[in-house]
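Before any comments, here is the structure.
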Amino acid sequence: MKKLLTLLMTAALLTASFTYASLSAHAAASDSVHETIISKTTEYFEDGSSITIIVSEESTALTHASEYSKSGSKHYVFTDKDNNELWRFTVHGTFTVNHGISATCTEDSYDIDISNSAWHNESASTYHSGNQAIGDAVFIEKILFITTFTQDCNVVLSCDSNGNLS
């Protein structure tokens, strides 16, 4: 009788463990975040260098609620005439969207990636106002300790009342 009871309890524990693991894996899969490019535009300069602006959205499970959270990023990418990325300034924003009525930025942050050692970030900051996450940065190119080029950038990530990022 003890063996039967022990066997039944072991089977119940194993079943509960597999069910919990399955539910945990399903929950983790539904909470995963994927970044999708919404738009990409490039402006070319006389010397062949360019600035590419990329807006991306972090998509999560769709909700049927009228109010939801939306996150995304706007990347300001500076490349040389050979299309080598020199540096990237990214503004991140999280928005509360009341669908069809309003959007409000609740969080902002930035990232800087410098790929070319001649370039340095002199300053950078972000803040949010209304439905925008706003970032400002200054990058300088120095050759032999002499500043040869300065690039200012102002990046504004906006979200409209329908949850569209721009």
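Worth knowing before you read on, the calculation uses all heavy atoms, side chains too, and leaves out hydrogens, waters and symmetry mates. All values derive from a computational prediction rather than experimental measurement.
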Is any side-chain heavy atom of [X] closer than 4.5 Å to a side-chain heavy atom of [Y]?
{"X": "Trp87", "Y": "Cys153", "answer": "yes"}
{"X": "Ile51", "Y": "Tyr76", "answer": "yes"}
{"X": "Cys105", "Y": "Gln132", "answer": "no"}
{"X": "Ser71", "Y": "Thr94", "answer": "yes"}
{"X": "Ser73", "Y": "Glu58", "answer": "yes"}
{"X": "Lys74", "Y": "Ile53", "answer": "yes"}
{"X": "Asp108", "Y": "Ile134", "answer": "no"}

Rounded to the nearest 0.5 Å, how far apart are [atom1] of [X] and [atom2] of [Y]?
{"X": "Ser56", "Y": "His92", "atom1": "OG", "atom2": "NE2", "result": "8.5 Å"}
{"X": "His120", "Y": "Ile112", "atom1": "NE2", "atom2": "CD1", "result": "13.0 Å"}
{"X": "Thr52", "Y": "Glu85", "atom1": "OG1", "atom2": "CD", "result": "9.0 Å"}
{"X": "Glu57", "Y": "Leu157", "atom1": "CD", "atom2": "CG", "result": "10.5 Å"}
{"X": "Trp119", "Y": "Lys142", "atom1": "CH2", "atom2": "NZ", "result": "12.5 Å"}
{"X": "Asp160", "Y": "Phe95", "atom1": "CG", "atom2": "CZ", "result": "10.0 Å"}

Over all atoms of both residues, closest heavy-atom pair of [X] and [Y]:
{"X": "Ala118", "Y": "Asn116", "value": "N-OD1, 2.8 Å"}
{"X": "Asn121", "Y": "Val138", "value": "ND2-O, 3.2 Å"}
{"X": "Gly93", "Y": "Ala133", "value": "CA-CB, 4.0 Å"}

Is there a side chain to side chain contact (heavy atoms under 4.5 Å, CB included) between Thr96 and Glu67? Walk through the geometry before answering. CA-CA 7 Å; Thr96 298; Glu67 187 171 289; 3.7 Å; yes
Judged by modelled atom types alone, do His99 and Ser66 share a side-chain donor-acceptor pair under 3.5 Å?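 The answer is no; no qualifying pair exists.
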Any donor-acceptor pair under 3.5 Å linking the side-chain atoms of Ser50 with those of Thr79?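 Indeed, the side chains of Thr79 and Ser50 share at least one donor-acceptor pair under 3.5 Å.
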Is it the case that the side chain of [X] and the backbone of [Y] share a donor-acceptor pair, with hydrogens and angles ignored and the cut-off at 3.5 Å?
{"X": "Asp47", "Y": "Ser49", "value": "yes"}
{"X": "Asp136", "Y": "Asn154", "value": "no"}
{"X": "Asp80", "Y": "Asp82", "value": "yes"}

Quick one, Ser115 with Leu86, criterion side chain to side chain contact (heavy atoms under 4.5 Å, CB included). Give me CA distance, side-chain angles, the key distance, then yes/no. CA-CA 5 Å; Ser115 306; Leu86 302 175; 5.9 Å; no
Under 4.5 Å between side-chain heavy atoms, counting indirect links through other Ile/Leu/Val/Met/Phe/Trp/Tyr residues: same cluster for [X] and [Y] or not?
{"X": "Val156", "Y": "Tyr127", "value": "yes"}
{"X": "Val55", "Y": "Val91", "value": "no"}
{"X": "Phe149", "Y": "Phe45", "value": "yes"}

In terms of relative ring orientation, are Phe89 and Phe139 parallel, tilted or perpendicular, with 30° and 60° separating the classes?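 Plane angle over 60°, so perpendicular.
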